[in-house]
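Contents: one structure, followed by commentary.
Atoms within a ligand are numbered from 1 in the order they appear, just like the ligands themselves. Keep in mind that the numbers below use all heavy atoms, side chains included, and drop hydrogens, waters and symmetry copies.
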Amino acid sequence: MAKSLSYLAIAAIAGGLAIGPAVAQEEWRFAHEENPDDVQDYYAQEFKRLVEERTDGEVTVTIYTYGQLGTEDDLTELTASGAIQFSNASPGHLGTYVPEVQVLLVPYLLSDDPDVNKEVLTNSEALYEDLASDFQARGLTLYSVYPEGEMVWTSNEPIRSPEDLDGQRFRVMTSPILIEAYDAFGADPIATPWGEVYSGLQLGMLDMQVNPIFFIESAAFYEVQDYLIWTGEQEYTTTVVANNAFWEGLSDERREMLIEIREELADFIFDEQKRLNEESAERIKESRPEIEYIVLDDEEREAFRERAEPLADRLVEIAGGNSAAILDKLRDEIAAAEAAN
Ligand code: 6CS
């Protein structure tokens, strides 16, 4: 399957080149993991606008949405090989390629305060120096990390405790530590690319999944689930990566331009994801008023947190490399940002 998708990817890229504008001196290709008008698409669109404006049209950015070049994993390989220059590679799917990135999936690592997360994800030394060296070793330059909103569980049963998860086939993203984490919560986790989740839920092969609310609307998961559950689980994060050789071959001026754009996009995408998540929650309520919204109270949340607490050491052991040191440093950075806020 990966092979046929790669073929599809090559055909799409070649097709794009054939019909691309003849005047552009350079084309940068940016593939993401979501639908048009989702959070990653807004980021890519704004990136495109700023790059094209600041290079006076010398660079054209071509955006590929989910499926055009294959699954999440295909995008990472296409970027590392240099077939495309930029892509989103979310920690939830990147774990087999850059295992250390899975520290961002350790349950309850991030703050409850989105402003703190924004600050850390934008400026962290643990991410942009230590974790970046792990990306580098796999042919990828870590460009940016940003949040896409709080993770919300969807189900057909009112889940309020780890015991309620017993026997629930819970779809998780494909990074290995997610299987361990959701098993510890009490569920029966199943890892798949997101393109298979709607039909899995519809046909009863899956019972639950987890995603930010904007994506639950965009991928239409709310149509085939009866409950939306806020468990206090941390925010979804994504990383944007560039091909190493491309990044290293840029002039100093272009690299500085991209760093500046990254800073501007951090504010832009933080506001956009907040707006998109709020709007989606309202629209889902309007289009399916019978869907129930459950917000776990502190005691209920604590039961899940207790299950996850002893897991961190095991998870970084699975992730390996320098992930234990990155986790410690990230925790310090988050604590410092919380104290300063
Ligand atoms: O659940 C997933 O796999 C997808 N969720 C989001 C929010 N973005 C892309 C990712 O692959």
(message) Main chain of Q136, side chain of N244: is a donor-acceptor contact present, judged purely on distance under 3.5 Å?
(response) yes
(request) Tell me, please, which residues at least two apart from D207 pass salt bridge (charged side-chain N to carboxylate O under 4.0 Å, His left out). (result) R169
List ligand 1's nitrogen or oxygen atoms that come under 3.5 Å of a protein nitrogen or oxygen, with the partner atom and distance.
residue	atom	partner	partner atom	Å
ligand 1	1 (O)	R171	NH1	2.8
ligand 1	1 (O)	N211	OD1	3.3
ligand 1	1 (O)	N211	ND2	2.9
ligand 1	3 (O)	H93	NE2	2.7
ligand 1	3 (O)	R171	NH2	2.9
ligand 1	5 (N)	N211	OD1	2.9
ligand 1	8 (N)	E34	OE2	2.7
ligand 1	8 (N)	Y236	OH	3.2
ligand 1	11 (O)	E72	OE2	3.1
ligand 1	11 (O)	H93	NE2	3.1

(request) State which residues pass salt bridge (charged side-chain N to carboxylate O under 4.0 Å, His left out) with R331; sequence neighbours excluded, sorted by chain then number. (result) none
(request) Check each of V51, V59, I259 against R254 using the side chain to side chain contact (heavy atoms under 4.5 Å, CB included) test, and report the only one that passes. (result) V59
(message) Do the side chains of R275 and E272 get close enough for a salt bridge, i.e. N-O under 4.0 angstrom?
(response) yes
(request) Sequence neighbours left out, what passes salt bridge (charged side-chain N to carboxylate O under 4.0 Å, His left out) with E34? Give chain and number order. (result) none
